[in-house]
Visitor: 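Below: one structure in structure tokens.
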Amino acid sequence: MRDLKKRLYHIKRELEQKYESPEIMIERLKREGKSMGEIEQEVLTMNRVQGAYDSIATALRILES
């Protein structure tokens with residue numbers, strides 16, 4: 001169980017590092033000259049990262065209770 005928690009915390013930290021708020025990301029991508037299609041894809045990817053993060057956080061709360 002301890003190894004599972006350790007791995008989940010590691011994954012959680014990795015996801016935190018990948019996450020960028022949508023507003024900041026969209027502005028950055030606009031400055032980089034990305035098309036609306038590319039921006040939409042990045043937003044969808046960031047939503048998946050946020051969903052994975054939320055799932056990991058929930059799993060850790062369950063394991064700690």
Visitor: Do E14 and H10 touch side chain to side chain, with heavy atoms closer than 4.5 Å?
Guide: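 A side-chain contact under 4.5 Å exists here.
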Visitor: Consider only side-chain heavy atoms of I, L, V, M, F, W and Y, link residues closer than 4.5 Å, and tell whether L60 and M1 are in one cluster.
Guide: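 In one cluster with L60: M1, yes.
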Visitor: Just to verify, what does R2 make a side-chain contact (heavy atoms from CB on, under 4.5 Å) with, not counting sequence neighbours?
Guide: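 side-chain contact (heavy atoms from CB on, under 4.5 Å) check on R2 returns nothing, list empty.
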Visitor: Mind checking side-chain hydrogen bond (donor to acceptor under 3.5 Å, both in side chains) for E40 and listing every partner two or more places apart, or none if nothing turns up?
Guide: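 So E40 forms no side-chain hydrogen bond (donor to acceptor under 3.5 Å, both in side chains) with any residue.
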Visitor: Residues two or more places apart in sequence or in another chain: which of them pass salt bridge (charged side-chain N to carboxylate O under 4.0 Å, His left out) with R13?
Guide: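 For R13, no residue satisfies salt bridge (charged side-chain N to carboxylate O under 4.0 Å, His left out) once neighbours in sequence are set aside.
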Visitor: Give a yes or no on whether M36 and L44 share a hydrophobic cluster (residues Ile, Leu, Val, Met, Phe, Trp, Tyr; joining criterion: side-chain heavy atoms under 4.5 Å apart).
Guide: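 Each belongs to a different hydrophobic cluster.
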Visitor: With sequence neighbours left out, what residues match E27 under side-chain hydrogen bond (donor to acceptor under 3.5 Å, both in side chains)?
Guide: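 Scan of E27 (side-chain hydrogen bond (donor to acceptor under 3.5 Å, both in side chains), adjacent residues dropped) gives none.
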Visitor: Heavy atoms only: give me the nearest M46-K18 pair and the separation to one decimal.
Guide: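 Distance-wise, the nearest heavy atoms are CE-O, 3.6 Å.
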Visitor: What residues, two or more places apart in sequence or in another chain, satisfy salt bridge (charged side-chain N to carboxylate O under 4.0 Å, His left out) together with E32?
Guide: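 Counting only residues at least two positions away or on another chain, E32 forms a salt bridge (charged side-chain N to carboxylate O under 4.0 Å, His left out) with R28.
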Visitor: Sequence neighbours left out, what passes side-chain contact (heavy atoms from CB on, under 4.5 Å) with L15? Give chain and number order.
Guide: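 For L15 the side-chain contact (heavy atoms from CB on, under 4.5 Å) partners, ignoring immediate neighbours, are I11, V49, A52, Y53, I56.
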Visitor: Let me confirm one number: the CG-NZ distance from D54 to K12, rounded to the nearest 0.5 Å.
Guide: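 Going from CG on D54 over to NZ on K12, the span is 10.0 Å.
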Visitor: Using the test side-chain contact (heavy atoms from CB on, under 4.5 Å), find all partners of S65 that sit at least two apart in sequence or belong to another chain.
Guide: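 side-chain contact (heavy atoms from CB on, under 4.5 Å) check on S65 returns nothing, list empty.
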Visitor: Given side chains that start at C-beta, do those of D3 and R7 come closer than 4.5 Å, heavy atoms only?
Guide: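 No, too far: nothing below the 4.5 Å cut-off.
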Visitor: Return the set of residues passing side-chain contact (heavy atoms from CB on, under 4.5 Å) with E38 (not counting sequence neighbours), or none when no residue passes.
Guide: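 E38: side-chain contact (heavy atoms from CB on, under 4.5 Å) contacts with K34, S35.
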Visitor: Which residues pass the side-chain hydrogen bond (donor to acceptor under 3.5 Å, both in side chains) test with R61, sequence neighbours left out?
Guide: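 Counting only residues at least two positions away or on another chain, R61 forms a side-chain hydrogen bond (donor to acceptor under 3.5 Å, both in side chains) with T58.
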Visitor: Quick one: side-chain hydrogen bond (donor to acceptor under 3.5 Å, both in side chains) partners of T45, sequence neighbours excluded?
Guide: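 With neighbours one apart ignored, the set is R48.
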